[in-house]
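Working notes, beginning with the structure itself.
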Amino acid sequence: MKGFEFMKQKREDVRNIAIIAHVDHGKTTLVDELLKQSGVFRAGQEVAERVMDSNDIERERGITILSKNTAVTYKGTKINIIDTPGHADFGGEVERVLKMVNGVILVVDAFEGAMPQTKFVLRKALELKLPVIVCINKIDRPEARPDEVVDEVLELFLELDADDSQLDCPFVFASAKAGIASLEAETPGTSMEPLFETILNYIPAPEGDPDAGTQVLISTIDYNEYVGRIGVGKVDNGSIKVNQEVVICNHHEPDKQIKVKVSKLYEFDGLNKVEVKEAGIGSIVAISGISDIHIGDTLCSPESVLPIPFQKISEPTIAMHFMVNDSPLAGQEGKYVTSRHLRERLFKELNTDVSLRVEETEDTDCFKVSGRGELHLSVLIENMRREGFEFAVSKAEVLYHQDEKGKLLEPMELAYIDVPNDYAGAVIEKLGQRKGELRNMGSITGGTYTRLEFSIPARGLIGYRGEFLTDTKGNGILNTVYDGYAPYKGDIQYRKQGSLIAFEAGEAITYGLFNAQERGLLFIGPGEKVYSGMVVGQTGRSEDIEINVCKKKQLTNTRSSSADEALRLVPPKILSLEQALDFIDTDELLEVTPKNLRIRKKILDPTLRKRASFKK
């Protein structure tokens with residue numbers, strides 16, 4: 001910025017805030033209430049719960065995946081609110097949007113307290129010197145402990161080296177579900193007014209020089225079939241107008257300078273985008289009509305091209321291969337099955353998802369897709385199968401790096417685990433086998449639960465969540481945060497049990513399944529189509545077993561003593577997408593279609609499979 005002195009002015013009728021929190025602490029519900037109580041919805045209008053989670057998968061899983069913008073007006077001040085994801089796999093979304101705001105509301109559950117993702121998002125906010133309002137949510141939970149949680153949050157501030165002004169932050173006690181907030185934990189409020197007032201009093205107004213050249217930093221990208229890419233960002237200096245000529249530049253790419261024209265400009269109002277002719281400093285705007293716009297770009301006046309510094313997006317840590325389905329049942333259930341369809345769809349995803357990487361491989365039918373975690377990639381797979389795509393995916397593998405000396409480095413995770421005391425031993429043993437290192441151990445919630453803190457390779461967590469739920473009988477909570485790269489920790493054996501593999505193609509018969517269920521746990525029921533090389537279950541032994549589930553009972557003209565007994569089948573274990581991705585081994589693929597998920601061996605022919613295993 002040398003050589004340019006901006007005359008900073010505050011714009012008092014605007015506040016820009018982001019709502020950050022750990023997953024499931026109630027961010028989206030809080031935004032719902034702020035929208036309702038600011039009069040965004042007309043009287044009698046039917047409003048969906050968690051109205052900001054617009055995507056089907058977000059609604060079903062109760063998680064926020066994409067950060068979203070909305071705006072409410074309170075006492076003549078426009079409050080732009082950004083609802084961010086709480087899940088570690090979507091941390092890239094949070095990092096970016098913090099550049100658009102002048103303060104954050106940190107939502108913390110009154111029972112769970114400060115969790116790992118709370119720490120991650122708070123660290124990002126403190127690094128950017130943003131003021132923080134702490135909202136202790138769910139104070140109406142029977143086991144709520146607001147006073148202890150306040151202490152935990154203050155300890156977290158100290159641990160993250162917050163400065164004095166940040167430590168002196170206001171605390172608001174709320175129940176987003178009931179739509180009430182108050183400044184005292186003991187006296188429940190009657191509306192969200194205390195939170196609105198705190199935002200106006202504590203979050204600084206955006207400032208910039210209205211007379212300087214235009215500067216708009218693009219922090220998120222939206223995509224629309226009709227208008228293409230839409231850049232969302234904050235006007236830092238000057239103003240931006242429709243039909244104005246601007247230059248796209250980027251802090252990380254000094255040579256990038258592209259002249260473009262602003263064709264349409266929007267501001268946010270409630271849940272809608274409203275077309276405007278001009279926007280001034282502090283406004284959060286959406287700009288459409290520029291096809292070459294990317295996250296981190298700055299739109300500047302041609303007279304003063306000054307890119308705004310922007311942190312690089314976090315690199316992906318795991319990868320999967322997406323390939324054309326070549327099983328004997330290929331093409332029967334999907335609408336889009338060719339490599340052209342698959343390629344178009346994966347590259348289209350790059351328009352909105354900046355943490356994703358898609359690379360073409362030597363095989364034209366196979367693409368390497370890298371992301372921030374298993375959940376990140378499984379959400380993409382789920383979206384694609386709902387759109388009618390049919391394809392196969394390989395087991396997730398981590399992306400290794402090498403240091404200057406050529407030493408192998410791998411991504412590490414910090415895992416925070418809360419389990420009932422009885423199951424702590426089983427969890428420590430399992431994570432130890434997966435190269436996990438116990439860093440910390442302490443008791444929480446009155447001594448009934450143990451909190452464990454592990455440093456573990458990212459590959460050690462692949463396929464572990466299912467086992468974890470079994471080992472803790474569904475009572476454990478597992479949270480992870482990316483913790484950089486560290487030297488390779490050695491080989492890990494993922495799966496102890498082998499697979500039950502179908503011996504021939506056909507339809508599964510009750511008689512064949514009845515004989516097969518003695519060998520292990522089945523994933524299919526009678527009447528399901530199978531083919532040679534398809535995995536139909538899991539054995540208790542370490543090696544794979546081939547079985548014939550299409551076997552019929554041979555009829556004879558003599559009656560045996562057991563002839564009239566009904567065959568009783570144990571109900572099969574139906575795997576969800578995440579469970580199937582966890583289960584598959586390195587020599588297996590998951591066949592994904594709109595109707596079915598089938599696990600299969602990469603090499604279907606049993607003889608060729610045997611030969612390949614000997615070569616290893």
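Nothing fancy with the numbering, it's 1 onward along the sequence.
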**Asked** Hey, is Glu588 close enough to Lys602 for a salt bridge, meaning N to O under 4.0 Å?
**Response** no
**Message:** Cation-pi check for Phe347 against Arg343: NZ or CZ below 6.0 Å from the six-membered ring centre and within 45 degrees of the axis, yes or no?
**Reply:** yes
**Asked** From Asn325 CG over to Leu342 CG, what is the distance, rounded to the nearest 0.5 angstrom?
**Response** 10.5 Å
**Item:** Any donor-acceptor N or O pair under 3.5 Å, side chains Glu390, Thr593
**Value:** no
**Asked** Between Asn137 and Val108, is there a donor-acceptor pair closer than 3.5 Å when you use the side chain of the first and the backbone of the second?
**Response** no
**Item:** Salt bridge flag under 4.0 Å for residues Lys348 and Glu344
**Value:** no
**Prompt:** Taking the six-membered ring for Trp, are the ring centroids of Phe322 and Phe391 within less than 6.0 Å of each other?
**Reply:** yes
**Asked** Which of parallel (below 30°), tilted (30 to 60°) and perpendicular (above 60°) describes Tyr485 and His401?
**Response** parallel
**Request:** Would you name the heavy atoms of Ala396 and Ile318 that are closest together and state the gap between them?
**Result:** CB-CD1, 3.9 Å
**Whether Lys395 side chain and Asp585 backbone form a donor-acceptor pair below 3.5 Å** = no
**Request:** State whether a side-chain donor-acceptor pair under 3.5 Å links Ser532 with Glu504.
**Result:** no
**Item:** Short N-O contact, Glu360 and Lys368, less than 4.0 angstrom
**Value:** no
**Contacts of Tyr423 that satisfy ring pair (Phe, Tyr, Trp, His ring centres under 6.0 Å) - sequence neighbours left out** = none
**Request:** Indicate yes or no for a side-chain donor-acceptor contact from Asp363 to the backbone of Asp365 under 3.5 Å, with no hydrogens or angles considered.
**Result:** yes
**Asked** Is Arg434 reaching over with its side chain to a backbone N or O of Gly460, donor-acceptor style, under 3.5 angstrom?
**Response** yes
**Asked** Charged N to carboxylate O under 4.0 angstrom, Lys601 versus Asp544?
**Response** yes
**Request:** Considering only NZ, NE, NH1 and NH2 on the basic side and carboxylate oxygens on the acidic side, decide whether Glu333 and Arg598 come within less than 4.0 Å.
**Result:** yes
**Request:** Check whether any side-chain N or O of Ser394 sits under 3.5 Å from a backbone N or O of Met320 as a donor-acceptor pair, and report yes or no.
**Result:** no
**Message:** Salt bridge or not between Glu397 and Arg459? Use side-chain N to carboxylate O under 4.0 Å.
**Reply:** no
**Qualifying residue, where the test is side chain to side chain contact (heavy atoms under 4.5 Å, CB included) with Ile381 and the options are Leu590, Val369, Val393, Leu597** = Val393
**Asked** Counting only N and O atoms by type, is there a donor-acceptor contact under 3.5 Å from the side chain of Glu413 to the main-chain atoms of Leu461?
**Response** no
**Message:** Is it the case that the side chain of Gln517 and the backbone of Val570 share a donor-acceptor pair, with hydrogens and angles ignored and the cut-off at 3.5 Å?
**Reply:** yes
**Prompt:** Within the distance-only criterion (no hydrogens, no angle test), does the side chain of Gln579 pair as donor or acceptor with the backbone N or O of Ser576 below 3.5 angstrom?
**Reply:** yes
